Undergrad: 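For reference, the structure I am asking about is given below.
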Amino acid sequence: MNVEDLLAEAMERQVSHVQAPPTLGRTVRRRHRAHVVRFRVAGAALLTAAVAAAVPLALDTGKPAPAASSPTSGQDSVVVDSVTMPDVTGMKIAEAVAAVRAAGLGFAEGPEPFGPESADEIVVTQKPAAGAEVVRNSLVALTSMPRAKDPQELGDLGDGRTFGGIHVGYLPEGLAWDRWSGKNRFGRTSYSTSYSPGGDDTRGYGVQVFVYKGEAAGRVRSRMDTMPSVEIGDRKGYLADFTEGGDVADKPGDDTTATIGFFVGDGTAVEVCMSPMYVKQVDAPAELKKIAEGISPAG
């Protein structure tokens, strides 16, 4: 990136308004808290600090910008003070916030971007990505997820593979049930649970399965009517990366969810979602197809 591009990007950031990312606030994974905004990324309940970029430039003030300039071969060169974004995924909120501030970065929410009620939650995604070179004082967005503490809404699910009228026959090696369940969160007669490495979701879930029956299955049917189909054994379905707003993404990213959807019967639909974290560890399309092929009606 040349000097002109750097300056243009910096000025654009300086005058832009802070906006929260697109949200599906109506989908809550585990519990509601009125004083926080919740988002669904791959079905997980997430807390978020808004993201923006703050560049120390003086615009139309007559004051010099803090960036140093010096003539070199008849041209001005601009020095941009950049820092490296640390990897804070898997940390507790307080630890992550301290690491971000130590790196010379900040949060749009001010000195306390997360409240005391989030103290035990774990960071599952971050923006910018770990290792990214960003301008000092840029603002960071973190999302966190609580441990499952609520009672099992669907009762004793045993190993967690049979719920909502389906049985999950295959899971990638190392994934185990997270010991939580939910129902009627995405329309009446909808069900969900998730699986993580070792059954410990403190570093984020691995795979989440949603079951929709009756009218709730309409979300899957409408996607099947408008998206290219993929073969899932002897079934048809769709496989795509979705944004937080539910749109199809051009490519996978830290804010997209790899999802496969299909029907296991006339009135029962299933979506299997893979977290951005876990997508980086496996062949996501292949594993999602294997999981989907192994799902069958229970009983």
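Quick caveat: nothing in here was measured; it's all calculated off a predicted structure. Quick note: residue numbers are just sequence positions, from 1.
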Undergrad: Salt bridge check: are D254 and K280 linked by an N-O gap of less than 4.0 Å?
TA: yes
Undergrad: Please confirm whether R221 makes a cation-pi placement over F263, using NZ or CZ under 6.0 Å from the six-membered ring centre and within 45° of the ring normal.
TA: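 Output yes; distance and angle both within limits.
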Undergrad: Between the main-chain N or O of V209 and the side-chain N or O of S192, is there a donor-acceptor pair closer than 3.5 Å?
TA: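 Looks like yes, one N/O pair under 3.5 Å.
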Undergrad: Side chains of P197 and L175: closer than 4.5 Å at any heavy-atom pair?
TA: yes
Undergrad: Sub-3.5 Å donor-acceptor pair from the side chain of N184 to the main-chain atoms of T189, do we have one?
TA: yes
Undergrad: Check whether any side-chain heavy atom of L105 lies under 4.5 Å from a side-chain heavy atom of N137, and answer yes or no.
TA: no
Undergrad: Mind listing the closest non-hydrogen atom pair of A103 and P86 along with its distance?
TA: CB-CD, 3.8 Å
Undergrad: For the CG atom on D225, are there more than 12 heavy atoms of other groups (residues, nucleotides or ligands in this structure) within a distance under 6.0 Å?
TA: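 It does: D225 CG has more than 12 such atoms within range.
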Undergrad: Are the side chains of Y238 and E271 in touch, meaning some heavy atoms are under 4.5 Å apart?
TA: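 Contact flag for Y238/E271 side chains = yes.
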Undergrad: As an exercise, state the distance from CE of M224 to CZ of R235, rounded to the nearest 0.5 Å.
TA: 10.5 Å
Undergrad: Compute whether any side-chain donor of one residue and acceptor of the other, for Y170 and E287, lie under 3.5 angstrom apart.
TA: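 There is such a pair (donor and acceptor under 3.5 Å, judged by atom type) between the side chains of Y170 and E287.
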Undergrad: Taking the side chain as every heavy atom from C-beta outward, state whether F262 and V270 have any atom pair closer than 4.5 Å.
TA: yes
Undergrad: Quick check: closest heavy atoms across F107 and V140, and the distance to 0.1 Å?
TA: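 Shortest heavy-atom separation between F107 and V140 comes out as CD2-O, 3.4 Å.
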Undergrad: Is the backbone N or O of P252 less than 3.5 Å from a side-chain atom of T256, with the two atoms forming a donor-acceptor pair by type?
TA: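 No, T256 side chain to P252 backbone: no donor-acceptor pair under 3.5 Å.
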Undergrad: Is any side-chain heavy atom of I291 less than 4.5 Å from a side-chain heavy atom of P172?
TA: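 Answer yes - side chains close enough.
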Undergrad: For the CG atom of L288 and the OG1 atom of T259, what is their distance to the nearest 0.5 Å?
TA: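 If I round to the nearest 0.5 Å, the distance is 7.5 Å.
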Undergrad: Measure from the side-chain N and O atoms of R188 to the backbone N and O of A216, and report whether any donor-acceptor pair falls under 3.5 Å.
TA: no
Undergrad: Would you say that P285 contacts D283 through its side chain, given a criterion of any heavy-atom pair below 4.5 Å between the two side chains?
TA: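 Yes, their side chains come closer than 4.5 Å.
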Undergrad: Could E231 and K236 be called an ion pair, given the rule that one side-chain N must be under 4.0 Å from one carboxylate O?
TA: yes
Undergrad: Give a yes/no verdict on a cation-pi contact between R219 and F210, requiring under 6.0 Å between NZ or CZ and the six-membered ring centre and an angle within 45° of the axis.
TA: no
Undergrad: May I ask you to check whether Q152 and S181 show a side-chain donor-acceptor distance below 3.5 Å?
TA: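 Yes, a side-chain donor-acceptor pair sits under 3.5 Å.
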Undergrad: Around atom CD of Q281, are there more than 12 heavy atoms from other residues, nucleotides or ligands closer than 6.0 Å?
TA: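 It does: Q281 CD has more than 12 such atoms within range.
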Undergrad: Within the distance-only criterion (no hydrogens, no angle test), does the side chain of D178 pair as donor or acceptor with the backbone N or O of W180 below 3.5 angstrom?
TA: no
Undergrad: For residues T257 and C273, report the shortest heavy-atom separation together with the two atoms involved.
TA: CG2-CB, 3.7 Å
Undergrad: Ignoring hydrogens and geometry, is there a side-chain-to-backbone donor-acceptor pair from D81 to V83 under 3.5 Å?
TA: no
Undergrad: Considering only heavy atoms from C-beta outward, does the side chain of I260 approach that of K289 to under 4.5 Å?
TA: yes
Undergrad: Quick one: list whatever passes side chain to side chain donor-acceptor pair (under 3.5 Å) with E173, sequence neighbours left out.
TA: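 Per chain and number, E173 pairs via side chain to side chain donor-acceptor pair (under 3.5 Å) with no residue.
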Undergrad: Rounded at 0.5 Å granularity, tell me how far CG in L142 sits from CZ in F114.
TA: 5.0 Å
Undergrad: What distance separates S82 OG from R136 CZ, expressed to the nearest 0.5 Å?
TA: 8.5 Å
Undergrad: Kindly compute the distance separating OH (Y191) from CZ (F186), expressed to the nearest 0.5 Å.
TA: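 That separation rounds to 13.5 Å.
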Undergrad: Regarding Q208 and T193, do their side chains bring together a donor and an acceptor under 3.5 Å, going by distance alone?
TA: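 Note: Q208 and T193 side chains miss the donor-acceptor criterion.
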Undergrad: Measure from the side-chain N and O atoms of Q126 to the backbone N and O of P128, and report whether any donor-acceptor pair falls under 3.5 Å.
TA: yes
Undergrad: Find out whether M227 and V248 are in side-chain contact, i.e. whether some heavy atom of one side chain is under 4.5 Å from a heavy atom of the other.
TA: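 Answer yes - side chains close enough.
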